[in-house]
Amino acid sequence: MNRDVRVRFAPSPTGPLHIGGVRTALFNYLFAKKNNGTFILRIEDTDQTRFVPGAEDYIVESLKWLGISPTEGQGIGGEYGPYRQSERGVYKPYANQLIDSGWAYYAFDTPESLSELRVKAEENKETFIYNFKTRQTLNNSLVLSKDEVDAKIAAGEPYVIRFKMPEDQVVEMLDIIRGEVKMNTKELDDKVLFKSDGLPTYHLANVVDDYLMKISHVIRGEEWLPSLPLHVMLYKALGWSDVQPAFAHLPLILKPTGNGKLSKRDGDKMGFPVFPLEWQSPNGEISKGYREDGYFPKAVVNMLALLGWSSGTDQEIFSLEELSNIFSLERVGKSGSKFDPDKAKWFNQQYLRETSSEELSQLFTPFLKDKKVDFNPESLPEIIEMVKDRVHFVHELWDQTFFFFEAPTNYNEKVVDKRWKGDVPELISLLVEKFEALDKFDVESIHHAVEALLQEKEAGMGKLMNAVRLAMTGDAIGPDLKQMMVILGKDESIQRLRTAVNNI
RNA sequence: GGUCCGUUCGUCUAGGGGUUAGGACACAAGAUUUUCAUUCUUGUAACAGGGGUUCGAUUCCCCUACGGACUACCA
């Protein structure tokens, strides 16, 4: 079958978008791009009880930040809208169609009566399942007469519509990632398709919408695999088997340690974000986001792309454009991947290194303003150039550069003990004299001054420079000293040397 | 419990009937260095177990173990 590639990302607006959901969106995006297809955003909000204000905006903004915005759907538009399921109102006729053709039936059982049955079954170490074995004993249109059913409905009694799962049929399914999967319908239950609140459940809604929106490929998380047989049966029951989309179920993203699905808790515990953007829940609780933690969106995309997919080569750094050209579902792995926070940092570092020092200066400026220090924007790129290979994040630049912006007020005691002894203070004083005599204060002249002093006093480079470093930074840290002093300037450098002699 | 999916270094993964099982992260060591880093080099480290099939299995098949997902009028 040769048809236009149309894929959808269909989250439900119940909270911030989880990193696993982001990856699902990314793979959909990449697959669409690769195949000149359309990437659609559909909001699956058929459960009003779980609706969370702001969640939809959060989803849209997250995708935007990552640069993987849909080309059709909620917030964008398109000819298959509305793209919010709660606004579509198209489902009931299909549910009715299934009833008319005998694939579905009305059920009047109350939630209470069903949970009672479940509890009772559990007491006997059994599981209650609403299926071909039990449906004849329950309160539904299969056992009630037509008049009784009509009367109940006319009286406004709440009901749901359930799928009448065949008793013994083998459903054969093809998953692009896992190959052929078989399942017998006798293991399945009579799922609710239409709820008593007048809205469809996910199962009906996603099949109907995928059909109406001409979705060609359903790419979603592995947690949906168990309901695939139901969906395939629904396509069959609705007579849409010939246009049924292809399915690909993505492996899960697991927590870094131990086992299980990655959750918000893991992030809190281990200090890494599980969400793309910071999120404040209605109760005020704040969850960290990749954006706020200083990650580049490109790094997040790159990192996520390699969680479950690989190019088959040794290349690890991919732009979104590259990924769009080479992505394929066939190269998605079958097994779940543990999330590795260290690797995420490493990816960010790679992108930080590719960022120009000028650009990094722009990004770093807000942090400097926050610290309320004076700085010369002109020299910022030069400073950053010296230290950019040392950090993973822009905000880490401060720890590597603070001494450019403020003179040390105290000195690392260990370094003092080790480097500030004997005739060191004298040497430093002499160096101050040498510096004062300099007309030009550049790397070369500093070098000559230092060399001259070392020769006169027959002292070693390490002895002198380590002490100078202590005077400049208050510690045994920092990039090349001569460059550092040039940027600080003659006056400030001499000032710091003097302060050290006087205060240590 | 039942059903389904999965299992290559600690982690992400490549590979695929005959390979010294490759790369990356992390870790360790050495080199460079005026410090801390960076960088470079090197190293430690894996085919879950048991049966088949085969001249040969990590690769194909089966079983077991382990892990995960699902099992709602949630998605």
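The shown structure was predicted, so the numbers you read here are calculated from the model rather than taken from an experiment. Lettering follows sequence order; numbering is per chain, from 1.
- Ionic pairing of A:K191 and A:D189 is present here: one or more N-O contacts between side-chain nitrogen and carboxylate oxygen are shorter than 4.0 angstrom.
- Judged by Watson-Crick or G-U wobble contacts below 3.5 Å, the nucleotide B:U3 has B:A69 as its partner.
- Taken to the nearest 0.5 Å, the CG atom of A:D423 stands 10.0 Å off from the CG atom of A:L464.
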message: Treating primed atoms plus P, OP1 and OP2 as sugar-phosphate and everything else as base, which nucleotides of nucleotides 62-75 of chain B get B, S or - for protein heavy atoms under 4.0 Å?
response: -----SSSS-SBBB

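- Atom name P, nucleotides B:C60 and B:G18: the rounded distance is 11 Å, in whole Å.
- B:G43 and B:G49 have their C1' atoms separated by 30 Å, given to the nearest Å.
- Across the C1' atoms, B:C12 and B:U19 are found 22 Å apart, a figure rounded to whole Å.
- In this model, no donor atom of one side chain and acceptor atom of the other lie less than 3.5 Å apart for A:R178 and A:H249.
- For A:K343 and B:A26, a side-chain-to-base donor-acceptor distance below 3.5 Å is absent, hydrogens and geometry of angles not being considered.
- Atom CZ of A:F318 and atom C1' of B:A14 are 12 Å apart (whole Å).
- Between B:U11 and B:U71, the distance separating the two P atoms is 28 Å to the nearest Å.
- Nucleotides B:A72 and B:G67 place their P atoms 23 Å apart, quoted to the nearest Å.
- Aromatic rings of A:Y295 and A:F393 (six-membered ring for Trp) have centroids within the 6.0 Å cut-off, being under it.
- A salt bridge links A:R42 with A:E44: the closest approach of a Lys/Arg side-chain nitrogen to an acidic carboxylate oxygen falls below 4.0 angstrom.
- A salt bridge links A:E456 and A:K434; the closest N-O separation between the charged side-chain nitrogens and carboxylate oxygens is under 4.0 Å.
- Summary of the strand contacts: A:V181 and A:F339 both lie near RNA chain B, and taking for each the nucleotide with the nearest heavy atom, the more 5' one is attributed to A:V181.
- Atom C1' of B:U42 sits at a distance of 23 Å from the matching atom of B:C36, rounded to the whole Å.
- Remark: C1' of B:C12 and CD1 of A:I317 are 13 Å apart, rounded to the nearest angstrom.
- In this structure, A:D209 pairs ionically with A:R88, as a charged nitrogen and a carboxylate oxygen lie closer than 4.0 Å.
- Counting heavy atoms from C-beta on, the side chains of A:N302 and A:K298 never come closer than 4.5 Å.
- Remark: B:C9 base-pairs with no nucleotide in the shown strands. Criterion, Watson-Crick or G-U wobble with two distances under 3.5 Å.
- Ion pairing between A:E126 and A:R118 fails under the 4.0 Å rule for side-chain N and carboxylate O.
- Searching all strands for a Watson-Crick or G-U wobble partner of B:G43 with both distances below 3.5 Å returns B:C27.
- Rounded to whole Å, the separation between the C1' atoms of B:U33 and B:C66 comes to 49 Å.
- Rounded to an integer number of Å, the gap from A:E122 CD to B:G2 C1' is 13 Å.
- Atom pair A:M303:CE and B:U13:C1' shows a separation of 16 Å (rounding to whole Å applied).
- Using N1 to N3 plus N6-O4 or O6-N4 for Watson-Crick, or N1-O2 and O6-N3 for G-U wobble, each under 3.5 Å, B:U20 pairs with nothing.
- B:U11 atom C1' lies 13 Å from atom CG of A:L306, rounded to whole Å.
- Taking atom P in both B:A28 and B:A65, the straight-line distance is 39 Å, to the nearest Å.
- In this entry the distance linking CZ of A:F347 with C1' of B:U13 reads 11 Å, nearest Å.
- The nearest whole Å value for the distance from the CG atom in A:D342 to the C1' atom in B:A26 is 6 Å.
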statement: Whether each nucleotide of nucleotides 27-47 of chain B has a protein heavy atom under 4.0 Å at its base (B), only at its sugar-phosphate (S) or at neither (-) is summarised, 5' to 3', as -------BBBBSS--------

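- Whole-Å rounding puts the A:E126 CD to B:G1 P distance at 16 Å.
- Using a 4.0 Å heavy-atom cutoff across all strands shown, A:K334 reaches sugar-phosphate atoms only and no base atom.
- In this structure, A:G333 reaches neither bases nor backbone, as no heavy-atom distance under 4.0 Å exists between it and the strands shown.
- Base pairing of B:U33: no nucleotide in any strand meets the Watson-Crick or G-U wobble criterion (both distances under 3.5 Å).
- The existence of a salt bridge linking A:R50 and A:D47 is confirmed by a sub-4.0 Å separation between a basic side-chain nitrogen and an acidic carboxylate oxygen.
- Residues A:K120 and A:E123 are not paired through a salt bridge, judged by the lack of any N-O separation under 4.0 Å between the basic side chain and the carboxylate.
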